[in-house]
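Before any comments, here is the structure.
Values in this document were obtained by computation on a predicted structure and should not be read as measured data. Letters A, B, ... are given to chains in the order of the sequence lines, protein chains preceding strands, and every chain is numbered from 1.
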Amino acid sequence: MDFKLLAKDTHSQARAGEITTAHGVIQTPIFMPVGTVGSVKAVPQSQLHKDVKAQIILGNTYHLYLRPGTDILQQAGGLHQFMGWDKPILTDSGGYQVFSLAGKRKLSEEGALFQSHIDGSRHMFSSETVMDIQRKIGADIIMAFDECPPYPSDYAYAKKSMELTHRWLARCVKRLAETEALYGYEQSLFPIIQGSTFKDLRQISSKFIASMECDGNAIGGLSVGEPEDIMYEMCGLCCDALPQEKPRYLMGVGTPWNILECIALGVDMFDCVMPTRNGRNGMLFTSKGIINIKNKKWENDFSPIDEGIDCESSNFYSKAYLRHLFVSNELLALNIASVQNLSFYLHLVTQARQHIQQGDFKNWKDNIIPQLKHRL
RNA sequence: GGGUAGGUGGCCGAGUGGUUAAAGGCGGCAGACUGUAAAUCUGCUCACUCACGUGUACGUAGGUUCGAACCCUACCCUGCCCA
């Protein structure tokens, strides 16, 4: 994997760059749609290409391991082949499931003992198993196994958890070095900064993560319920401590304005379930603001969903029609809303990139954010 | 004409003397959702009042009772069966 820094904003830390992987180029800053189980929910691969213009998508190690399982993925020749996606893929390690499935797991030095949310069966996830599974999935970018502590966490717990994540990281790096890619192309490991909302822990973690000299670095443990300003503070602090010449990935963030603010702090990559999940629940992100399409006020609004972006379904279908599909529980609603939101997110980061290259990103961002937050 | 079952809030449907402004579902109106256990979850949904509360409500009209959606009488209406 290769990262080229192409431009820097004049009044912020925002950067424009280019990541080159075995499956193609990613122009940063970038938003990566989440496709947990090998599917960006409700959106076919063809639309990810044509309408959303996704450059890279996410998969999840924990979920793919449980279903369809590594045997099937290996037989298919890896996740790219299996799902018919020839652009880059990033897999999360299952570290987030250590957090979100907290009730179904036991932590130890060795790793996390999970109870499957599907059938209750028990599975041990460790640095080694997670690296091996990600070899079999075959994503271009793979994530280190980490613990994502909840918010709020007390200092002692946050420190202990961070140190565990660091020890797990060392094991991930070692395991990856001892094994080979299965499908003939390189896989890059990204380590993850933790440290909850404590500045000194974030500093320590950033330094440690950077010292591993991986191809890129990730900021984890944010957007788990903490106030936005704390998230920005932690994010900025991590970015400042990370090397310039490597991509920075802020995991799980966020709203459109979160993304712009964090681009300004120096983040290059984002992922979030918000555009897809909230879309399926009737919340639309558009270039004019936020729409709850189930609300009665859209009943007879026959204007296009969002004319501000270059996406066929956003221009073709009306708000009134999409509302009708939601109210009628029609499956097409889920697709249109998800495609709208993802297209908007990708459009937003593309615009951000252009403004960074022009050097006026900060000004543009400050002007556009009130509009992004505006509820229509 | 005879018999029989039944008429409950926008709809369907529980409830058969007090704890019932009336279960539950649907429909309706809002809100939440941030490395996906999520096509999910949470409120509200008779009227007036910020609220305490008050007033109307279980086909209609009477009656019994301290007290009725629930018991009695008459009437109206609906489904089904027989002529």
Problem set entry | C1' spacing across the pair B:C48 / B:U40, given as an integer number of angstrom | 36 Å
Exercise. Taking the P atom of each, how far is B:C70 from B:U64, in whole Å?
Worked result: 15 Å
Exercise. Is A:Arg105 touching bases, backbone alone, or none of the nucleic acid, heavy atoms closer than 4.0 Å?
Worked result: nothing
Exercise. Within the structure shown, what part of the strands sits under 4.0 Å from A:Ser116 by heavy-atom distance: base, sugar-phosphate, or nothing?
Worked result: nothing
For this session: Check every strand shown and say whether A:Asn281 touches a base, only sugar-phosphate, or nothing at a heavy-atom separation below 4.0 Å.
Result: base
For this session: In whole angstrom, give me the gap between the P atoms of B:U16 and B:G62.
Result: 27 Å
Problem set entry | Whichever of A:Lys294 and A:Tyr249 has its nearest RNA chain B nucleotide further upstream toward 5' | A:Tyr249
Exercise. Mind checking the P distance from B:U8 to B:U78? Whole angstroms is fine.
Worked result: 14 Å
Exercise. At under 4.0 Å between heavy atoms, what does A:Leu250 touch on the DNA or RNA strands: base, sugar-phosphate, or nothing?
Worked result: nothing
Exercise. Can you find a side chain N or O atom of A:Asn278 that sits less than 4.0 Å from OP1 or OP2 on B:A32?
Worked result: no
Problem set entry | Euclidean distance, atom CZ of residue A:Phe326 to atom C1' of B:C33 [Å, nearest integer] | 13 Å
For this session: Considering only NZ, NE, NH1 and NH2 on the basic side and carboxylate oxygens on the acidic side, decide whether A:Lys297 and A:Asp301 come within less than 4.0 Å.
Result: no
For this session: Go ahead and name the base partner of B:A37; Watson-Crick or wobble counts if both distances stay under 3.5 Å, otherwise write none.
Result: none
Exercise. Base, sugar-phosphate alone, or nothing: which one does A:Ile118 contact when heavy atoms must sit under 4.0 Å apart?
Worked result: nothing
For this session: Under 4.0 Å between any heavy atoms, over every strand shown, what does A:Asn258 touch: base, sugar-phosphate, or nothing? Just pick one.
Result: base
Problem set entry | Heavy-atom donor-acceptor pair, A:Ser100 side-chain to B:U36 base, under 3.5 Å | no
For this session: Report yes if a side-chain nitrogen or oxygen of A:Gln97 is closer than 4.0 Å to either non-bridging phosphate oxygen (OP1 or OP2) of B:G35; otherwise report no.
Result: no
For this session: In plain terms, say whether A:Lys199 and A:Glu233 are close enough for a salt bridge, that is, a side-chain N and a carboxylate O under 4.0 Å apart.
Result: yes
For this session: Select base, sugar-phosphate, or nothing to describe what A:Glu299 touches, counting heavy atoms under 4.0 Å on all strands.
Result: nothing
Exercise. Nearest nucleotide by nearest heavy atom, which residue falls closer to the 5' end of RNA chain B, A:Arg323 or A:Ala144?
Worked result: A:Arg323
For this session: Answer with base, sugar-phosphate or nothing: what part of the nucleic acid does A:Gly225 contact at a heavy-atom distance below 4.0 Å?
Result: nothing
Exercise. At under 4.0 Å, does any side-chain N or O of A:Ser93 touch on OP1 or OP2 of B:G35?
Worked result: no
Exercise. Where does the angle between the aromatic ring planes of A:Phe114 and A:Tyr62 fall among parallel (under 30°), tilted (30 to 60°) and perpendicular (over 60°)?
Worked result: tilted
For this session: Could you work out the separation of B:G35 and B:C44 based on their P atoms and round it to a whole Å?
Result: 29 Å
Problem set entry | Rounded distance in Å between the C1' positions of B:U45 and B:A22 | 15 Å
Exercise. Between A:Pro88 and A:Gly24, which heavy-atom pair has the shortest distance, and what is it?
Worked result: CG-O, 3.9 Å
For this session: Classify the nucleic acid contact of A:Val327 as base, sugar-phosphate or nothing, counting any heavy atom under 4.0 Å across all strands shown.
Result: sugar-phosphate
For this session: Inspect the contact between A:Asp310 and A:Lys53 and indicate whether a charged nitrogen and a carboxylate oxygen are less than 4.0 angstrom apart.
Result: yes
Problem set entry | B:G28 to B:C11 separation - C1' atoms, rounded to the nearest Å | 11 Å
For this session: Please determine if A:Lys246 and A:Glu213 form a salt bridge, counting it only when a charged side-chain N lies under 4.0 Å from a carboxylate O.
Result: no
For this session: Considering only atom C1', compute the distance from B:A74 to B:U20 and round it to an integer number of Å.
Result: 28 Å
Exercise. Taking the six-membered ring for Trp, are the ring centroids of A:Phe270 and A:Tyr249 within less than 6.0 Å of each other?
Worked result: no
For this session: With heavy atoms under 4.0 Å as the rule, sort A:Asn60 into base, sugar-phosphate or nothing.
Result: sugar-phosphate
Exercise. Base, sugar-phosphate, or nothing: which does A:Met283 touch, judged by heavy atoms less than 4.0 Å apart?
Worked result: base
